[in-house]
Engineer: 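Questions regarding the structure given below will be posed in turn.
Everything numeric here is computed off the predicted structure, so don't read it as measured data. When a ligand or atom number is given, it counts from 1 through the structure's own listing order.
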Amino acid sequence: MPTVNDILDSMDYGPAPEAAGEVTAWLTARAPFGHFIDGSFTAPADTFATDNPATGEALAQVSQGSAQDVALAVKAARKAAPKWAGLAGHERAKYLYAIARHLQKRARFLAVLEVLDNGKPIRETRDIDVPLAIRHFYHHAGWAELLTDEFPDHTPHGVCGQIIPWNFPLLMLAWKIAPALAAGNTMVLKPAEYTPLTALAFAEICAEVGLPKGVVNIVTGDGATGAALVASDVDKIAFTGSTDVGRTIRRATAGTPKALTLELGGKSPFIVFPDADLDAAVEGVVDAIWFNQGEVCCAGSRILVSEAIARDFTDRLRARLGKLRVGDPLDKCTDLGAIVHPTQLTRIRDLVSAGEAAGATLIQPEMQLPAKGCYFAPGLLVGAEPANPASAEEIFGPVATVTTFRTPAEAVQLANNTRYGLSASIWSENITLALDIAAQVKAGVVWVNCTNQFDAAAGFGGMRESGFGREGGREGMAAYLRAPEVKSKPEASAPDFKAMPSPATLASSGIDRTPKLYIGGKQVRPDSGHSYTITAKGRELGLAPLGSRKDIRNAVEAAHKAGAWGKQTGHNRAQVLYYIAENLAARQGEFEARLKEAGHDASEVAATVARAFYYAAWADKFDGAVKSTQSAKITLAMHEPWGVMGVACPDASPLLGFASLVLPAIAMGNRVVAVPAQSMPLLATDLYQVFDTSDLPGGVVNIVTGPRDDLAKTLAQHDDVAAMWYCGDAQGREMVKGESAGNLKAIWAFENRDWRDAQGRELLNRATQIKTIWVPYGE
Ligand code: NDP
């Protein structure tokens, strides 16, 4: 026992362990665990151990879910679905509220259980994981209450399959289950193999509050159980985890009508400018990369620091590193606990070694790690070049790379030099600079002078290979609801392209016009040098250029160059859209004649003029929001354009179908590469002059005519196309989803509809993604 003098000499913290007796008694009484299906636990079968990573000791046996277990759970959820969805929102709200209350009553128990199963420190489970999980249920009790007011005519998806990772087991469960319940879905959730225990404790709470049987089902197991859930008869998959598994799921669901949201990995920048409050930024780094052992998808794992202060900042970080306490996660003085599993520890060690081998220097404090358990000392990899594997790969451990920059432009370039786009943290006392950078970083969440802020009212989710869809807030609710059904109107199958007459047969047909492609505001010949014949009612109407992969690539490049369009004001974009309407109206007769000639409804022209007016009206009115999160922060939800979008247009309604998709996309600031109606692209090619005379900057709309599905495939595969809309049959829809699995772009694939009614917020929502920006406000 140290004397008071000893303590005053060292100023060490004494041990302050949280008692685990209640939890171990619960485990002894309950384990081995079966699955929670249809309101009760099944008999345990085919069990495996879940261990305490801080000690290596087994905590409990849990069951490995088979495809049959998953099927049983989905069947129970399916049976429970109509009644649950049919309850008044107020009735569902009462259940969510009861769950929140019960979580609150068991807060300490859950905090300890999470520590034992995951290895994270009790201070974090007690102060962050559990309170945020509770907040999520309260917040969503509110959404259940307000559902009919705020989401009129929306319906739940039905049965949701939910797969969560091991880094925030209870919190991720809450992020998945609370909105799903509020929206009226039933669900089957699979927790991670390493950390199933809080989900099983949650199952008991569901039973305690009398949640109707089958509404929430929990099936434990490994990746095979997750894959079985993806393959099962569910209506939606919500997944959080690694980008690789996200890709697999995208491929597996491509040919199905299952809705999908993916919250994947990240390699988020933490940018420190010379005028930052450096002490605050140091504490920011603690919260960014050493919080939760760095096992955080949005961890600030790439520190980008201005060269001017790099030495000073690194010295401060080194000093701070030396003060972090690593050890028993149940001890309230512990900053970093255990890594979740030996496999993850090996992965961290390997990546850090690879980072050193590639030229970075590892700074780690001298510290005695516990003899038993999975521990890794926190550190920094200084001087990591962008190509260093430690800069590119998600380490998912307590080590950040440190890289310097000279100018704000270089900081942005380094920040965006990643395939991910989950979050970013920006440190500067100059709010103008910080918000300028916030606008430029490719990230779904941006924290200014703060980091790792979460709240149930704020959307969270990524761009690029960090996935799509948002969790939290209104946008998170929308992801668990189906918008009112738009009646589809299947188009007559697109013409068999290969069966068309070859250009050679046309020379005698007396056709005098050979339109070109429209790329970068110029009319250009197709790379193939070929055209194809357009026929209607057995007559040849003209030629259209035969676009190919090369043309699509050129068009994407041109669209990228037109980035200034996204920075224009909504007002300016509206003016261009009005101008397009005006110029089209001036040539109404000509377009009507063209449509009639092709056997289409001439009223499409007037409807297209009206559509241009409609989206011009929206261009400066599709407002974002300020979210009610924390009193000392403003949390903005900004609608950002995707950037470059691919749009494969319907074959039916060759003018109105094209305009109904392209106009909302550009009204929101996107640049578009459009493939117009394959069998009648001449209405789109006739629009070139309209665009040219309407002040539409070159490259904002690019048009490549030709075989829709071949061209759409190239767009889907293209890494620099951020989002894609595809209108077509089931085969084509599956194709674009599958072809884009590698780059994980957001896809909206749908069947043809009656374009006379097809306008509204749905398209604007789909033409934008939400960037959540947290800015200090007040104290
Ligand atoms: P995974 O993506 O493998 O796991 C996430 C969840 O998906 C788990 O429940 C997992 O089950 C399940 N799963 C695994 N394979 C499949 C499949 N084919 N179909 C459906 N579900 C599946 O992440 P890991 O836990 O293996 O971690 C690997 C790496 O991923 C980490 O080192 C880290 O870099 C990253 N990661 C990123 C996270 C994020 O939030 N961005 C979260 C967790 C990890 P099981 O637990 O049995 O594997």
Engineer: Could you tell me how the ring of Trp26 sits relative to the ring of Phe109: parallel (under 30°), tilted (30 to 60°) or perpendicular (over 60°)?
Structural biologist: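 It falls in the perpendicular class, over 60°.
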Engineer: May I ask you to identify the nearest protein heavy atom to atom 24 (P) of ligand 1, giving residue, atom name and distance to one decimal place in Å?
Structural biologist: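 So the nearest neighbour among protein heavy atoms is Trp166 NE1, 3.7 Å.
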Engineer: Tell me, which protein residue and heavy-atom name are nearest atom 43 (C) of ligand 1, and how many Å apart are they?
Structural biologist: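 The protein heavy atom lying closest is Pro165 CB, 3.4 Å.
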Engineer: Nearest non-hydrogen atom to atom 5 (C) of ligand 1 belongs to which of Val296, Thr240, Thr343?
Structural biologist: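 Looking at heavy atoms only, the winner is Thr240.
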Engineer: Looking only at atom types and distance, does a side-chain atom of Asn185 sit under 3.5 Å from a main-chain N or O of Tyr480, one as donor and one as acceptor?
Structural biologist: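 Yes, the answer is positive, given that a donor and an acceptor are paired below the 3.5 Å cut-off.
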Engineer: Looking only at distances, please establish whether an N/O atom of ligand 1 is found under 3.5 Å from an N/O atom of Glu263.
Structural biologist: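 It does not: no N or O of Glu263 is found under 3.5 Å from an N or O of ligand 1.
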Engineer: Give me the nearest non-hydrogen protein atom to atom 31 (C) of ligand 1 as residue plus atom name, then the distance to 0.1 Å.
Structural biologist: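 For atom 31 (C) of ligand 1, the nearest protein heavy atom is Gln344 OE1, 3.8 Å.
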Engineer: Where the closest heavy atom to atom 18 (N) of ligand 1 is concerned, which of Gly265, Cys298, Ala227, Pro169 has it?
Structural biologist: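 Checking each option, the heavy atom nearest atom 18 (N) of ligand 1 is found in Ala227.
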Engineer: Give a yes or no on this: more than 12 heavy atoms of other residues, nucleotides or ligands lie within 6.0 Å of atom CE of Met367.
Structural biologist: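 Atom CE in Met367 is crowded, with more than 12 foreign heavy atoms closer than 6.0 Å.
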Engineer: Considering heavy atoms of the protein only, find what lies nearest to atom 21 (N) of ligand 1 and give residue, atom and distance to 0.1 Å.
Structural biologist: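 For this ligand atom, the closest protein heavy atom is Gly226 CA, 3.5 Å.
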Engineer: How about atom 26 (O) of ligand 1: does it have a protein heavy atom within less than 4.0 Å?
Structural biologist: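 No, there is no protein heavy atom closer to it than 4.0 Å.
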Engineer: Could you check atom 3 (O) of ligand 1 against the protein and tell me its nearest heavy-atom contact, residue, atom and distance included?
Structural biologist: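 Answer, as residue, atom name and distance: Val245 CG2, 3.5 Å.
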Engineer: What protein heavy atom lies closest to atom 28 (C) of ligand 1? Include the residue and the distance to one decimal.
Structural biologist: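 Checked against all protein heavy atoms, atom 28 (C) of ligand 1 sits closest to Ser242 CB, 4.4 Å.
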Engineer: Among Leu170, Leu116, Val62, Thr220, whose side chain to side chain contact (heavy atoms under 4.5 Å, CB included) with Leu197 holds?
Structural biologist: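 Going through the options one by one, the only one that passes is Val62.
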Engineer: Identify, by atom number and element, the atoms of ligand 1 in contact range of Ile163, meaning under 4.0 Å from any of its heavy atoms.
Structural biologist: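 Reading through ligand 1 atom by atom, the close ones are 6 (C), 7 (O), 9 (O), 12 (C), 20 (C), 21 (N).
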Engineer: Please work out which of the three classes, parallel, tilted or perpendicular, describes the rings of His136 and His139, given edges at 30° and 60°.
Structural biologist: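 Ring orientation of His139 relative to His136: tilted.
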Engineer: Are Asp244 and Arg247 ion-paired here, with the side-chain N under 4.0 Å from a carboxylate O?
Structural biologist: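 Salt bridge between Asp244 and Arg247, a charged N being under 4.0 Å from a carboxylate O: yes.
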Engineer: Using a heavy-atom cut-off of under 4.0 Å, does the side chain or the backbone of Glu295 touch ligand 1, or both, or neither?
Structural biologist: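 The answer is neither.
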Engineer: Taking only Lys NZ, Arg NE, NH1 and NH2, and the carboxylate oxygens of Asp or Glu, determine whether Glu475 and Lys627 approach each other closer than 4.0 Å.
Structural biologist: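 Looking at Lys627 together with Glu475, the answer is yes, because their closest N to O distance falls below 4.0 Å.
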Engineer: Can you figure out which of Asp222, Asp244, Ile237 has its heavy atom closest to atom 47 (O) of ligand 1?
Structural biologist: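 Among Asp222, Asp244, Ile237, the closest heavy atom to atom 47 (O) of ligand 1 belongs to Asp222.
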Engineer: So, for Arg302 and Asn417, which heavy atoms are closest and what is the spacing to 0.1 Å?
Structural biologist: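 Reported closest heavy-atom pair: NH1-O, 4.1 Å.
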Engineer: Can you name the one residue among Ile348, Asn167, Val340, Leu351 that meets side chain to side chain contact (heavy atoms under 4.5 Å, CB included) with Phe396?
Structural biologist: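 Considering Ile348, Asn167, Val340, Leu351, a side chain to side chain contact (heavy atoms under 4.5 Å, CB included) with Phe396 is found only for Asn167.
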Engineer: Salt bridge or not between Arg78 and Asp233? Use side-chain N to carboxylate O under 4.0 Å.
Structural biologist: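 Counted as a salt bridge, because a side-chain N and a carboxylate O are separated by less than 4.0 Å.
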Engineer: Identify, by atom number and element, the atoms of ligand 1 in contact range of Cys297, meaning under 4.0 Å from any of its heavy atoms.
Structural biologist: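 Within the 4.0 Å cut-off of Cys297, ligand 1 contributes 39 (C), 40 (O), 41 (N).
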Engineer: Please list the nearest protein heavy atom to atom 38 (C) of ligand 1 with its residue and the distance rounded to 0.1 Å.
Structural biologist: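 Nearest neighbour among protein heavy atoms for atom 38 (C) of ligand 1, to 0.1 Å: Phe396 CZ, 3.4 Å.
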Engineer: Parallel, tilted or perpendicular: which one describes the rings of Tyr194 and His341, with boundaries at 30° and 60°?
Structural biologist: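 Answer is parallel, since the angle falls under 30°.
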Engineer: State whether the shortest distance between N or O atoms of Leu264 and N or O atoms of ligand 1 falls below 3.5 angstrom.
Structural biologist: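 Checking ligand 1 against Leu264, an N or O pair does fall under 3.5 Å apart.
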Engineer: Look only at interatomic distance and state if Glu394 has a nitrogen or oxygen under 3.5 Å from any nitrogen or oxygen of ligand 1.
Structural biologist: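 Yes, at least one N or O pair falls under 3.5 Å.
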Engineer: Considering both backbone and side-chain atoms of Lys190, is one of its nitrogen or oxygen atoms within less than 3.5 Å of a nitrogen or oxygen in ligand 1?
Structural biologist: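 Checking ligand 1 against Lys190, an N or O pair does fall under 3.5 Å apart.
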Engineer: What's the shortest distance from atom 14 (C) of ligand 1 to any protein heavy atom, and which residue and atom give it?
Structural biologist: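 Going atom by atom, the protein heavy atom closest to atom 14 (C) of ligand 1 ends up being Gly223 CA, 3.5 Å.
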Engineer: Could you check whether any heavy atom of Ser466 sits closer than 4.0 Å to an atom of ligand 1, since that is the contact criterion I want to use?
Structural biologist: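 For ligand 1, residue contact (heavy atoms, under 4.0 Å) with Ser466 is absent.
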Engineer: Would you check if the distance from the ring center of Phe168 to the ring center of Trp175 is below 6.0 Å?
Structural biologist: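 They do not qualify: ring centres at least 6.0 Å apart.
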Engineer: Test Arg123 against every option in Asp335, Asp129, Asp328 by the salt bridge (charged side-chain N to carboxylate O under 4.0 Å, His left out) rule and name the one that passes.
Structural biologist: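 The residue from Asp335, Asp129, Asp328 that satisfies salt bridge (charged side-chain N to carboxylate O under 4.0 Å, His left out) with Arg123 turns out to be Asp335.
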Engineer: Does the N or O separation between Ile164 and ligand 1 drop below 3.5 Å for any pair?
Structural biologist: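 Yes.
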